[in-house]
Amino acid sequence: MTATITITNPILSGMNPDPSWIWDDEFQRIVLVTSTFELVPGLPIYVSEDMTCWKHVSNVIDADLARRLLIPFVDDSGGVYAPTLRRIHGKYVIACTIARLDDRRAMEGGCTESELMRFHAAEGNFILEADSIEGPWRGPFWIEGAEGIDPDIFEDGDGNVYWTQTRPAVNPQWEGQTEVWTQRINPETWTFVDDGLPAGSGKTVIWRGYGMESVWAEAPHLYRVGDYVYLMTAEGGTSFEHSEMAMRIYAPHGLLRAFEAYEREVSELGECIPQVRDGERCYLGTAIRAFHADKKNPILTHRHLGLSEPLQCVGHADLLLHPELGWWLVCLGVRETRGKRDGELLSYLGRESFVAPVSWEHNPADWKLDGNGASCTHEGDPGWPVTCAGLGRLADEITVTTEDDGIAIEPRVKSSLAGDVEPALVDVADGSTNDVVVRDERDVSYRRIAKLPTLMPIPMSGSLVIRQNSTHYAVFSMHGADVRYEMVNGDDSQAGSVAVQADGVRPAVLFDDNRLSVIVTGMHGLVDSATFVRQGQVLLSVDARFLSTEWAGGFVGCMAGFMA
């Protein structure tokens, strides 16, 4: 029997960065979580059976948990960074980091000294756990001794559990160099194991990036595939040089045994295990490394496509094996809007979630002068992951056809990802229950701007707020027959008003083509957004580039909010 599905990228539009997912075998579904930074509720949980339709089923972080995580006291683009979602010892577990905490604000807001001590002893790293993906979630369990960001949690086949994350290199060879370290952790107490065995006697550095002057090796994930444990890391920073790398270690009897074998091999070569700091080991020796890199790295990037490519910053990937559809990865990407200057790319939507099929391949031959025939691989060697084979980049659409004799996957680029012709309609005053707040600032409720162009009616009472961060935003409101506006661009601001010039019409703001435009029509109400824009009269049009990530800085996307 033949069945065909079509998956459209991005699978989650608008600010949905740093995706992590699992196949939940008990309920036969994919479960996915994304970062939310300073937004509350936070860590949204989405589920899908086949990646074509995603349902938002819950939020891990409510207002109470946000306070225990100190989210009310973080700076712009701070808060919840890069969750990893896994099943560990039968529990749903999320490993995550709270970043950019303002200690002074926290103390003034009522945080106790002991709360701050636990936070800093863990460098903001924590675990949340639950028996059901819908919650309730227990925690936070602050991970004392953790260091850095982007934690991963991995349970090997022998039952050992590893905490892995990235930190700035202790003795960097160049600016921006980081190192990935791992240590076994007890999933009952969430404390690090210290038994004197490998990865159980302080931190063990296992990676510092692929190649000379590589920077920001981060977002590590460990996976067991066949006889190997694979390490995947993002690299290059979450910008135009973003990429995804793959490494692996032969570990048929478990990662712990593989580390023991590596230490024996180093000793037999007459070397010593380098000490990064007292009590820490490094598996990046002069002669050999524990993890060996895929020579085809990066396995995913768009950095080679140039600035004409509208989808940039691709990386921060997580693997998943679907029982029917095979191997896939989810990652983040940024849809860019072209500016008026050559090479000017501007992003307003934040980082979004994309998927791609993954195949596993071996080289068909070992190229040598004397030939030697086809290359040989053992049965437990899956090879190396290849993303979107035949295309080599993220696709706009992926058609998956399942038949009795197998699966056919056809990824294709069909059009520009830079935006949609039909404006999306976002009415901030319609009473949506899916709104979020920034930290604990409840005077404005927001929702993500998920595509451009977007048309946003100005409320008849209250205000429309278009926010990039606390220093880059725009406010529109009605005062009699006038639309008043304020644009805040860092230390600069611009305010004024325009007359609507007609009774009974409702003005709206069109966000498109790097502009914010106030539009009115003679229609009573919004028939549809396309008709409104086509028939509308532009009363005001201002440069919106100050709302882009490139101008404002940080990691978030624009949101539309309602302020009563």
Side-chain angles (χ1 to χ4, degrees), residues 5-37 39 41-61 80-88 91-97 127-135 137 150-155 219-223 232 234 238 244 300 314-334 349-358 385 387 394-395 398 400 434 436 448 450 555 557:
I5 61 173
T6 299
I7 302 165
T8 302
N9 272 322
I11 56 165
L12 297 173
S13 57
M15 187 174 51
N16 277 287
D18 308 329
S20 179
W21 62 359
I22 60 170
W23 173 256
D24 190 352
D25 195 58
E26 182 178 355
F27 294 97
Q28 293 293 291
R29 62 185 180 179
I30 303 168
V31 182
L32 184 150
V33 65
T34 65
S35 292
T36 43
F37 301 100
L39 301 185
L43 294 181
I45 297 288
Y46 303 92
V47 299
S48 177
E49 295 180 357
D50 57 10
M51 292 173 280
T52 62
C53 180
W54 292 88
K55 180 181 179 182
H56 178 210
V57 296
S58 64
N59 294 294
V60 174
I61 299 175
V80 179
Y81 276 22
T84 294
L85 171 66
R86 296 291 185 262
R87 289 295 294 268
I88 302 292
K91 299 177 289 189
Y92 295 97
V93 168
I94 291 176
C96 204
T97 310
I127 284 282
L128 300 172
E129 60 178 38
D131 301 317
S132 166
I133 206 68
E134 289 80 12
W137 288 81
D150 295 2
D152 176 70
I153 194 78
F154 165 68
E155 182 179 352
H221 290 305
L222 293 174
Y223 311 90
M232 281 177 45
T238 312
E244 192 70 25
L300 174 65
V314 169
H316 199 110
D318 196 11
L319 282 175
L320 175 142
L321 175 60
H322 190 287
E324 296 177 357
L325 305 181
W327 285 94
W328 292 75
L329 63 74
V330 66
C331 65
L332 66 81
V334 175
L349 305 180
R351 297 173 292 172
E352 304 174 293
S353 293
F354 297 75
V355 297
V358 172
T387 305
L394 293 182
I398 307 162
V400 182
N434 294 320
V436 295
R448 297 167 178 82
F555 303 116

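Keep in mind it's a predicted model, so treat the numbers as computed, not measured.
Leu128 has its side chain out of reach of Val93: every pair of non-hydrogen atoms, C-beta onward, lies at least 4.5 Å apart. Under the 4.5 Å side-chain criterion, counting only non-hydrogen atoms from C-beta, Arg448 is in contact with Asn16. Side-chain contact between Leu349 and Ser13 is absent, with no heavy atoms from C-beta onward closer than 4.5 Å. Between Ile61 and Val80, some side-chain heavy-atom pair lies under the 4.5 Å cut-off. Taking the side chain as every heavy atom from C-beta outward, Ile94 and Val60 approach each other to under 4.5 Å. For the pair Leu12/Trp54, a side-chain contact is recorded, criterion being any heavy-atom separation below 4.5 Å from C-beta on. Contact check for Asn59 versus Pro44: side-chain heavy atoms found under the 4.5 Å cut-off. Side chains of Glu244 and Met232 form a contact here, defined as non-hydrogen atoms less than 4.5 Å apart.
The side-chain contact (heavy atoms from CB on, under 4.5 Å) search around Leu321 returns Trp327, not counting sequence neighbours. Checked against side-chain hydrogen bond (donor to acceptor under 3.5 Å, both in side chains), Thr387 has no partners two or more places apart in sequence or in another chain. Residues that satisfy the side-chain contact (heavy atoms from CB on, under 4.5 Å) test with Glu155, not counting sequence neighbours, are Ile88, His89, Val161. Residues that satisfy the ring-ring contact (aromatic ring centres under 6.0 Å, His included) test with Tyr223, not counting sequence neighbours, are absent from this structure. Applying the ring-ring contact (aromatic ring centres under 6.0 Å, His included) rule to Phe154 yields no partners; only residues at least two apart in sequence or on another chain are considered. Taking Ser58 as the reference, Ile45 meet the side-chain contact (heavy atoms from CB on, under 4.5 Å) condition, with sequence neighbours excluded. Under the rule for a side-chain hydrogen bond (donor to acceptor under 3.5 Å, both in side chains), the partners of Glu352 that lie at least two apart in sequence or sit in another chain are Arg335. Partners of Ala82 under the side-chain contact (heavy atoms from CB on, under 4.5 Å) rule, at least two apart in sequence or in another chain, are Asp18, Asp150, His316. Residues passing the ring-ring contact (aromatic ring centres under 6.0 Å, His included) test with Tyr92: none are found, sequence neighbours excluded. Scanning for salt bridge (Lys or Arg N to Asp or Glu O under 4.0 Å) contacts around Asp50 gives an empty result, with sequence neighbours left out. Every residue two or more places apart in sequence or in another chain was checked for a side-chain hydrogen bond (donor to acceptor under 3.5 Å, both in side chains) with Thr6, and none qualifies.
Closest of all the heavy-atom pairs between Leu43 and Pro83 is CD2-CG, 3.8 Å. Residues Val355 and Ile7 come closest through the heavy atom pair CG2-CG2, 3.7 Å. The minimum heavy-atom distance between Leu394 and Ala356, with the atom names listed, is CD2-CB, 3.7 Å. Residue Cys96 comes nearest to Pro151 through the heavy atom pair N-CG, 3.5 Å, listed as atom of the first residue, atom of the second, then distance. The minimum heavy-atom distance between Gly315 and Cys331, with the atom names listed, is O-CB, 3.2 Å. Considering all non-hydrogen atoms of both residues, Phe37 and Pro17 come closest at CE1-CG, 3.5 Å.
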- Message: side chain to side chain contact (heavy atoms under 4.5 Å, CB included), that's the test. Do Val314 and Leu300 meet it? Break it down for me.
- Response: CA-CA 7 Å; Val314 169; Leu300 174 65; 3.6 Å; yes

- Item | Worked verdict on Thr52 versus Ile11 for side chain to side chain contact (heavy atoms under 4.5 Å, CB included) | CA-CA 8 Å; Thr52 62; Ile11 56 165; over 6 Å; no

- Can Val436 and Thr36 be said to form a side chain to side chain contact (heavy atoms under 4.5 Å, CB included), step by step? CA-CA 10 Å; Val436 295; Thr36 43; over 6 Å; no

- Please lay out, stage by stage, how Met51 and Ile5 fare under the test side chain to side chain contact (heavy atoms under 4.5 Å, CB included). CA-CA 9 Å; Met51 292 173 280; Ile5 61 173; over 6 Å; no

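With salt bridges taken as basic N to acidic carboxylate O contacts below 4.0 Å, one links Glu129 and Lys91. The pair Arg87-Asp25 does not meet the salt-bridge criterion, since no charged nitrogen lies less than 4.0 angstrom from a carboxylate oxygen.
A donor-acceptor contact shorter than 3.5 Å is absent between the side chain of Asp152 and the backbone of Ala219. The main-chain N or O of Ala395 is found under 3.5 Å from a side-chain atom of Asn9 such that the two form a donor-acceptor pair. Put simply, the side chain of Trp137 never gets that close to the backbone of Glu134: no donor and acceptor are under 3.5 Å apart. In terms of modelled atom types and a separation under 3.5 Å, the side chain of Ser353 and the main chain of Leu332 share no donor-acceptor contact. A donor-acceptor contact shorter than 3.5 Å is absent between the side chain of Arg351 and the backbone of Val334.
Rounding to the nearest 0.5 angstrom, the gap separating the NE2 atom in His221 from the CG atom in Leu329 is 10.5 Å. With rounding to the nearest 0.5 angstrom, the CG atom of Leu85 is 8.0 Å from the CG atom of Leu32. The line from CD1 of Ile133 to CZ of Arg29 is 7.0 Å long, rounded to the nearest 0.5 Å.
Pairs passing the ring-ring contact (aromatic ring centres under 6.0 Å, His included) check and including a residue from residues 12-35, sequence neighbours excluded, read Trp23-His322.
Using the six-membered ring where Trp is involved, Tyr46 and His56 have ring planes that are tilted, between 30° and 60° apart.
Using a 3.5 Å distance cut-off with no hydrogens or angles, the side chains of Ser20 and Asp318 do pair a donor with an acceptor.
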